[in-house]
Number of protein chains: 2
Amino acid sequence: MVGIKDVARAAGVSVGTVSNVINRPDMVAEETRDRVRSAIRRLGYVRSESARQLRAGRSRIIALLVLDMANPFFVDVATGAERAAREAGLGVMLCNSAQSAAEEADYLSLFAEQRVRGVLVTPVDESGRNLADFDRHGIAYVSVDRAVPSGTGCSVSVDDVRGGGLAVRHLLDQGHREMAYVSGSMALTQCRDRYTGALGVLAEAGTDAQLRHVEVERLDVAAGRDAGARLLGMSPRPTAVFCANDLLALGVLQALYGAGVAVPDEMALVGYDDIEFAAAAAVPLTSVRQPAYRMGRAAADLLIEETGDAAAEHAHRRIVLQPELVVRDSSMST
Amino acid sequence: MVGIKDVARAAGVSVGTVSNVINRPDMVAEETRDRVRSAIRRLGYVRSESARQLRAGRSRIIALLVLDMANPFFVDVATGAERAAREAGLGVMLCNSAQSAAEEADYLSLFAEQRVRGVLVTPVDESGRNLADFDRHGIAYVSVDRAVPSGTGCSVSVDDVRGGGLAVRHLLDQGHREMAYVSGSMALTQCRDRYTGALGVLAEAGTDAQLRHVEVERLDVAAGRDAGARLLGMSPRPTAVFCANDLLALGVLQALYGAGVAVPDEMALVGYDDIEFAAAAAVPLTSVRQPAYRMGRAAADLLIEETGDAAAEHAHRRIVLQPELVVRDSSMST
DNA sequence: GAATCGAATTGAAACAATTCATTTTCGGTA
DNA sequence: TACCGAAAATGAATTGTTTCAATTCGATTC
């Protein structure tokens with residue numbers, strides 16, 4: 001493997017000069033610069049990141065640990081983060097905790113060994129234990145899609161309480177009184193917050209409308225299908241369903257379609273996230289849109305600020321973005 | 001930052017012993033081992049991957065560069081690869097070339113600097129120029145979802161010619177004579193191969209059935225919507241459409257639905273990949289299933305074999321997996 | 001009591017870059 | 001000719017780990 005020494009020898013200069021050609025070309029005389037560059041090309045020299053890193057004490061990579069790569073929502077977040085990182089000359093290591101606290105812990109220690117520049121993470125473990133370790137090791141992190149207790153770190157999230165409210169207010173406005181909320185365990189912040197918002201709207205409206213909770217194991221299409229079957233068996237059968245994400249909603253929609261239940265006439269449906277497939281569904285889905293791409297960008301920007309040259313004057317910030325209701329056919333009788 | 005020297009000092013042993021405790025615990029006396037381990041815990045020591053790497057000359061990370069992260073097909077490939085890699089104690093760096101040859105080149109040189117263990121890549125640049133560089137630098141790679149010229153390297157792919165044939169034979173069997181093929185440019189191997197297979201079946205059947213090509217810019221849902229609009233304007237209007245992937249098919253389906261064209265009665269539809277959303281569509285999509293997860297696993301396994309201890313006896317292999325037609329409502333009149 | 005052996009431990013070299021205090025070079029000036 | 005200053009180039013030190021030849025230390029054997 002050809003190293004900087006080989007280049008130096010080939011070009012008849014010292015290793016310091018080769019390094020200068022690469023990192024501060026202005027410092028080197030033009031003639032020397034050309035000689036070195038042609039040697040680099042001729043030998044096919046590629047500098048070793050590990051050696052640079054070892055010297056610098058940290059890498060040029062930021063890690064992004066998401067909850068579920070099969071969910072296009074997180075792919076959008078990743079795309080936003082990646083764009084911002086690459087503009088700053090950093091690489092992104094994208095990983096999937098698949099909602100497992102064990103996987104999360106594994107990855108976080110991998111990141112620590114890698115001395116990554118920082119971590120963007122949608123935490124599985126709400127206790128924040130895993131992240132506390134990061135504080136101890138001085139690794140910067142930004143919590144994505146999950147607010148973090150004040151003062152502990154940066155976060156970028158969407159106002160889920162508000163989002164839940166938007167969905168249920170819309171259904172109330174359509175005259176629904178028997179509603180259901182399909183989500184994962186209330187131990188998951190996003191499921192809990194959306195529920196809280198939904199209940200808040202009900203209380204505020206002073207209505208006797210019901211919102212029954214249907215809990216599912218996982219937040220994917222298959223779980224949505226199961227939930228759909230359970231909804232059909234409920235008595236009284238709900239006339240409107242709010243799902244904690246679009247994957248669930250698509251699953252519910254499929255179950256309803258299979259059972260010949262008309263959407264929205266017999267049952268209205270509202271999802272959450274507004275992934276591309278929501279708009280592409282059989283009956284286009286009404287959904288609470290989250291600015292996923294912007295969230296990814298904002299999170300990466302925060303991290304870059306925190307770990308950049310001006311790191312000294314960095315103060316932890318919590319950014320909260322606003323969701324937006326996108327009404328489509330699945331909740332509007334025509 | 002606490003290093004191995006600090007641990008050695010705290011435990012009253014040499015750095016070599018600390019290293020042995022971490023890497024070959026059997027070599028160290030129990031009493032010493034415990035002392036070192038407790039020092040590690042007490043100081044919060046995390047070993048530096050970059051230093052290990054520098055010494056070892058290569059990293060413990062394999063890179064996976066996919067064409068389009070927004071396509072669930074590639075997410076499945078990534079999941080398979082990641083599983084295999086983690087079982088072998090390696091990390092995965094997942095990146096998205098977004099079908100851009102420039103992005104691809106950028107990432108490949110990033111990987112070279114990182115001295116990654118190896119690269120799994122779905123090449124954008126068919127010329128293989130980018131990969132030739134890898135040969136020169138001795139970086140192992142496996143081409144995923146794309147066969148590679150014999151002898152140049154490993155590859156895992158799916159028999160796309162066969163897949164295209166399956167789709168069109170099915171449509172012929174349903175009695176269709178006016179068909180269309182929606183895909184990206186024929187410069188893309190997978191689009192070309194599927195077309196070749198489709199035409200092959202037509203020729204073999206000795207029919208006068210038509211298969212007109214509708215070319216789109218990108219392979220996503222939005223492009224599918226455009227294609228759908230164009231299909232509706234064709235004369236004679238095709239009675240069956242085969243799409244080069246499911247995203248296109250979902251877009252076409254949506255356009256047809258919007259125009260009130262019944263699927264499959266007025267127009268039958270067959271997709272490719274069999275992503276989860278294909279089965280979850282308004283009209284569940286008939287699709288040519290690719291074993292994405294298995295492909296990812298197989299590719300990672302090949303790479304691990306090539307870069308492992310038994311690397312010497314490694315011979316490049318080309319694995320070709322078989323696609324399978326999954327018939328659903330979108331192509332079967334009931 | 002010396003020789004031998006094996007297990008445990010040591011410590012220096014090597015990895016490939018960056019950095020920075022020195023040194024060299026060279027044109028211009030006194 | 002000697003000297004000065006700026007620009008260019010040098011090369012040793014540094015980073016944190018792994019590896020391995022060498023050393024130490026008891027216990028066992030003769």
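Residue numbers start from 1 in every chain, and the chains themselves are labelled A, B, ... in the order their sequence lines are given, proteins ahead of strands.
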How many Å lie between CZ on R9(B) and P on dT9(C), as a whole number? 19 Å
When the nearest nucleotide of DNA chain C is assigned to V2(A) and to S14(B) on a heavy-atom basis, which residue is associated with the more 5' position? S14(B)
Quick check: does any side chain N or O of H314(A) sit under 3.5 Å from a backbone N or O of G308(A), one acting as donor and the other as acceptor? no
Looking only at side-chain N and O atoms, does S19(B) come under 4.0 Å of OP1 or OP2 in dT18(D)? yes
Once you round it to whole Å, what is the distance between C1' of dA13(C) and NZ of K5(B)? 13 Å
Without decimals, in angstroms, what is the distance between R55(A) CZ and dA17(C) P? 13 Å
If each of S50(B) and R24(B) is mapped to the nucleotide of DNA chain D with the nearest heavy atom, which maps nearer the 5' terminus, i.e. the 5' end? S50(B)
Donor-acceptor pair, distance only, cut-off 3.5 Å: does the side chain of T122(A) make one with the backbone of L67(A)? yes
It should be established whether T32(B) places a side-chain nitrogen or oxygen under 4.0 Å from OP1 or OP2 of nucleotide dT9(C). yes
On DNA chain C, nearest-nucleotide positions of V28(B) versus G57(B): which is more 5'? V28(B)
Choosing from dA17(C), dT18(D), dT10(D), which nucleotide comes nearest the side chain of S48(A)? dA17(C)
Interatomic distance, R47(A) CZ vs dA16(C) C1' [rounded to whole Å]: 12 Å
L43(B) CG to dG16(D) P, in whole Å, measures 14 Å
Rounded to the nearest Å, what distance is computed from the CG atom of residue N23(A) to the C1' atom of nucleotide dA9(D)? 16 Å
Under 4.0 Å, heavy atoms only, any strand: does G16(B) hit a base, just the sugar-phosphate, or nothing? base
OP1 or OP2 of dT10(D) less than 4.0 angstrom from a side-chain nitrogen or oxygen of T17(A), does that happen here? yes
Taking the minimum atom-to-atom distance to the side chain of V15(B), which one of dA12(C), dT10(D), dC15(C) wins? dA12(C)
Between I62(A) and L303(A), is a side-chain contact (heavy atoms from CB on, under 4.5 Å) present by the stated rule, with each step listed? CA-CA 9 Å; I62(A) 69 179; L303(A) 189 63; 3.9 Å; yes
Any donor-acceptor N/O pair under 3.5 Å between dT18(D) base and R52(B) side chain: no
Whole Å only: how far is the CD1 atom of I4(B) from the C1' atom of dA12(C)? 14 Å
Minimum-distance nucleotide to R115(B) side chain [options: dT9(C), dA9(D), dA17(C)]: dA17(C)
Give a yes or no on whether R35(A) atom CZ has more than 12 heavy-atom contacts from other residues, nucleotides or ligands under 6.0 Å away. yes
Within 45 degrees of the axis of the six-membered ring of Y107(B) and under 6.0 Å from its centre: does R86(A) put its NZ or CZ there? yes
Check whether any side-chain N or O of N20(A) sits under 4.0 Å from OP1 or OP2 of dA9(D), and answer yes or no. no
Nearest whole Å is fine: how far is dT9(C) C1' from D26(B) CG? 16 Å
